[in-house]
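Notes for the one structure printed next.
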Amino acid sequence: MDDVIKHFERIRKGDTEAFRKIFLAHSDKFYLWAFKIVGDSYAAEDIVQSFFIRLWEKRNALTFSDEATFFAYAYRAIYNASLNWLRDHERYSYQYKLVVDVVATEDRYNVKEELIRLLEKAIEELPVRCKQIFKMARIERKSYSEIADELSISENTVKTQVSKAYHILRKKVG
């Protein structure tokens, strides 16, 4: 299990030492991300500290399936807070628009890449027969009747297994 996830389980129980470890381990990365957007060291510090305060306050409501999910949540929260700071400080209005355009393009790529990674991982975790049938149907693009003939099973079994795969994937990936 990822280190962040183990710490977060302890944080959810109110463990301030685990929270301190997460803060010390990741606050510098988050600061650099915020600073890259706002270009103001004091604002970047405030944004990161506010993120960690909200993280502590919402600790019981948040769940992360893995480290990547935690970082996606953290970066999105810091990104949004940074854009809000830029918006609220009109002297940076040009910079705000520039950052929105550049980062939105980066985010679309990163989110798509992350989603593909999570989906591939979830597919690999499907039960063996279910995974085999799902891959034949959706990746190899075989018809249900072709799969049924090849595996010597009924078309109804193929439909059931593909449906089961989608159900599992929706639960795991969202």
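Computed from a predicted model, the values in this text were never measured in an experiment.
Side-chain atoms of E45 never come within 3.5 Å of backbone atoms of Y42 as a donor-acceptor pair (strictly under, hydrogens ignored).
For E125, the side-chain contact (heavy atoms from CB on, under 4.5 Å) partners at least two apart in sequence or on another chain are K121, K172. Taking the side-chain contact (heavy atoms from CB on, under 4.5 Å) definition, one finds that D149 meets it with nothing, sequence neighbours left out. Qualifying side-chain contact (heavy atoms from CB on, under 4.5 Å) partners for T160, counting only residues two or more places apart in sequence or in other chains: N156. For the side-chain contact (heavy atoms from CB on, under 4.5 Å) test, residues two or more places apart in sequence or in another chain that qualify with T157 are I153, S154, Q161. Residues meeting the salt bridge (charged side-chain N to carboxylate O under 4.0 Å, His left out) test with D28, sequence neighbours left out: none. Contacts of Y144 classified as side chain to side chain donor-acceptor pair (under 3.5 Å), with partners at least two apart in sequence or in another chain: R138. With sequence neighbours excluded, the residues that form a side chain to side chain donor-acceptor pair (under 3.5 Å) with R20 are E17. When the salt bridge (charged side-chain N to carboxylate O under 4.0 Å, His left out) test is applied to E155, no partner is found at least two apart in sequence or on another chain. Every salt bridge (charged side-chain N to carboxylate O under 4.0 Å, His left out) that E150 has, sequence neighbours left out, goes to K142. In this view, D46 satisfies the side chain to side chain donor-acceptor pair (under 3.5 Å) rule with no residue, not counting sequence neighbours. Among residues two or more places apart in sequence or in another chain, the salt bridge (charged side-chain N to carboxylate O under 4.0 Å, His left out) test is passed with E124 by K131, K135.
Residues I147 and V158 approach most closely at CG2-CG2, 3.8 Å, considering heavy atoms.
In this structure, the side chains of I37 and W85 stay at 4.5 Å or more apart for every pair of heavy atoms. Between W33 and S82 there is no side-chain heavy-atom pair separated by less than 4.5 Å. Between I168 and P127 there is a side-chain heavy-atom pair separated by less than 4.5 Å. Within the 4.5 Å cutoff, the side chain of K29 has heavy atoms near those of the Y75 side chain. Annotation: side chain of D15 is not in contact with side chain of F19 (no heavy-atom distance under 4.5 Å). By the 4.5 Å heavy-atom criterion applied to side chains, Y73 and F51 are counted as neighbours.
I47 and I53 sit in two unconnected hydrophobic clusters of ILVMFWY residues. Membership requires side-chain heavy atoms under 4.5 Å apart, directly or through other members.
We find the CD1-NZ distance between I22 and K6 to be 11.0 Å, quoted to the nearest 0.5 Å. In this structure, OG1 on T16 lies 11.0 Å from NZ on K21, to the nearest 0.5 angstrom. Atom CD1 of I123 sits about 10.5 Å away from atom SG of C130, to the nearest 0.5 Å. The CG atom of L83 sits 12.0 Å away from the CD1 atom of I78 when rounded to the nearest 0.5 Å.
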Working for side-chain contact (heavy atoms from CB on, under 4.5 Å), residues L151 and Q132:
CA-CA 10 Å; L151 299 177; Q132 177 189 22; 3.5 Å; yes
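Below 30°, between 30° and 60°, or above 60°: for F30 and F70 the angle between ring planes is between 30° and 60°, a tilted geometry.
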Scan the side chains in residues 54-62 for donor-acceptor partners under 3.5 Å anywhere in the protein, sequence neighbours excluded, and list what turns up.
unit_1	atom_1	unit_2	atom_2	d
R54	NH1	S50	O	3.3
R59	NE	I11	O	3.4
R59	NH1	W56	O	2.7

